[in-house]
2 protein chains.
Amino acid sequence: MSEKVRIALDAMGGDHGAAVPIAGADIALTRHPDTRFILYGDEAVVGPLLDARPALKAASRLIHTDVAIKMDEKPSQALRHGRWRSSMWLAIDAVKKGDADVVVSAGNTGALMAMSKFHLRMMPGVSRPALACLWPTLRGESVVLDVGASIGADAPHLAQLAVMGSAMASVVFDLDRPSVGLLNVGVEEVKGLEAIREAAQLLRNGAYGQIDFKGFVEGDDIGAGTVDVVVTEGFTGNIALKTAEGTAKQLASYLRSAMSRTLAAKIGYLFARQAFKTLKDKMDPRKVNGGVFLGLNGVVIKSHGGTDAEGFAAAVDLGYDMARYELLAKIGRTLGQSAPAAVAGEVAS
Amino acid sequence: MSEKVRIALDAMGGDHGAAVPIAGADIALTRHPDTRFILYGDEAVVGPLLDARPALKAASRLIHTDVAIKMDEKPSQALRHGRWRSSMWLAIDAVKKGDADVVVSAGNTGALMAMSKFHLRMMPGVSRPALACLWPTLRGESVVLDVGASIGADAPHLAQLAVMGSAMASVVFDLDRPSVGLLNVGVEEVKGLEAIREAAQLLRNGAYGQIDFKGFVEGDDIGAGTVDVVVTEGFTGNIALKTAEGTAKQLASYLRSAMSRTLAAKIGYLFARQAFKTLKDKMDPRKVNGGVFLGLNGVVIKSHGGTDAEGFAAAVDLGYDMARYELLAKIGRTLGQSAPAAVAGEVAS
């Protein structure tokens, strides 16, 4: 990696157009001045936004394209019309060619995944990509993956998720050996899916390198922060993530309505407003915005499409950390420790 | 059904022994005086508890047994040593023989499921049992199933879950045609599991009766209360339920710590304490205690093992509603509307 962290930005992605990525990059730059941006987008739109931000402009190169992937385009359509020339493709291409260390896009998730897979290809020893997120917990944050990149997982894929999640947690949380748990159900008569039991066996055997495997965890262990990395396949992970988001919204709504029901509650709210602000900050979903596509030959960060500048900046920060602390090299090293038979087996399968 | 609702209680189940079920039954009786209890348990333990509660004693019959299923017994062990004679078995047997309309137990979940399946058998047209729960939402409550009775589900099983959940919601929420959604993931490139798509087809076709099927819902729709019934297979449902519980605990902990950090916050808390009490009541997991095993020839209610009297009373209330409003007859009628081919197919499979 070069001395500066070089971030390729899809400046046209997201629900609100170029204004959010540009403003977000500007915020992230103040936190990490050793960042250089390559911005892909329509010069007529992005140029003026950049002119208004001299510091960002000085740290950026703008590459013009007038093709942008729509938020509702099907991945196959996006690949057909956007390959070689859309802002999303060009940002991915910058990583492919070694011009950038990481891509950040708030664009169409399916298109970003399809283009990244198509162009960057899978890392050796990894069969399918994963989407990882940072989950706020009572102990800080945990990495949870897969939260929706692919559905279903056999034991080797779950073990690969564990390896990739462990590498990501070591980068983001600065830990030597993050603890890793496999998400399972604890109901007595139900011993969990065969694939999960087999994956636990693989991880205990050290067939996938020396990760700190803690065994099974349950749904309530995620928010408790029992382990640094929670591993599950994409269907369950996506449902768990959205269920938690729904529960948080629900409780915030209960709290708002409780605090506005009586005069005493309203007075109480005034006294405690700083505490409520702290709480709101703590629950602010923008702070943990940004999923990471893992398993590709390149780091791709997906920001929520509907986020604002602060949220987009969090996604850029995440990309910065991934590049600065060499996520891909760590994943590669851990997979390199794997028993050759196990890796060969899963590559062949 | 007889005029009174007859509830068979496993008086020995739960983490805290007989005191909780007896005190819980006493509370539930004040709310539904037309209840009669048959209590199964150790006379030396239950007798004195009952003597202290004349109203409950008058409404109850106590059947002695000195065999109780331990909370950590494996289902197979429980079946071996507890069949014919444990308090749990005898309570189930009361429903089997028609002496009671519903069983309530706070005992070992796996054992309760195994014994219920073994003794009551599956309803015609249903292939596997399900565990349903009431989930508090922004719009009130929804029925969510399966939250852990069995793992994995093909399309006919998902459709059966929809029928059973719809019948339960019509009983508990007093609705003619509750709305039903299939839990799925919304990520663009991922169209959900094959079985879920096929189940949607079956439900749209009316192959499983005239339920009000609304299509797919996502994880955050559960807390939002988008539909009255959320259908998913047991692995994902169990993870979703526990993830939501974990998130609720986490936010309650954030709130507590925010409210005690500064003097102003503490003063605010004092003013708003009634509002916080309302909020706490709203979030009280005891209020929605009680899962229902569906699909058996009999209604079996599982209370949390660790609950207190108030929580156990909620489980008894749920059992009362199920019996009073004839859950099983409703499920049977809806499955009876099914296209004969579909039902025959699933019974044969």
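The shown structure was predicted, so the numbers you read here are calculated from the model rather than taken from an experiment.
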Legend entry - Closest heavy-atom pair and its distance - A:Thr247, B:Ala248: CG2-N, 4.3 Å
Inset, instruction - Would you name the heavy atoms of A:Ala240 and B:Thr243 that are closest together and state the gap between them? - result: O-CG2, 3.6 Å
Legend entry - Distance-minimising heavy-atom pair for A:Leu183 and B:Phe235: O-CZ, 3.8 Å
Inset, instruction - Kindly say whether A:Ile222 contributes a backbone atom to a donor-acceptor pair with the side chain of B:Gln250 at under 3.5 angstrom? - result: no
Inset, instruction - Identify which of B:Ile267, B:Ile239, B:Leu270, B:Leu255 forms the greatest number of heavy-atom pairs closer than 4.5 Å to chain A. - result: B:Ile239
Legend entry - B:Ala244 versus chain A, the contacting section by heavy-atom distance below 4.5 Å: both
Legend entry - Sub-4.5 Å side-chain heavy-atom contact between A:Thr262 and B:Gln274: no
Inset, instruction - Would you name the heavy atoms of A:Tyr254 and B:Thr137 that are closest together and state the gap between them? - result: OH-O, 3.3 Å
Legend entry - Heavy-atom neighbours of B:Arg273 CZ exceed 12 at 6.0 Å: no
Inset, instruction - Can you tell which part of B:Ile196 gets under 4.5 Å to a heavy atom of chain A, answering side chain, backbone, both or neither? - result: side chain
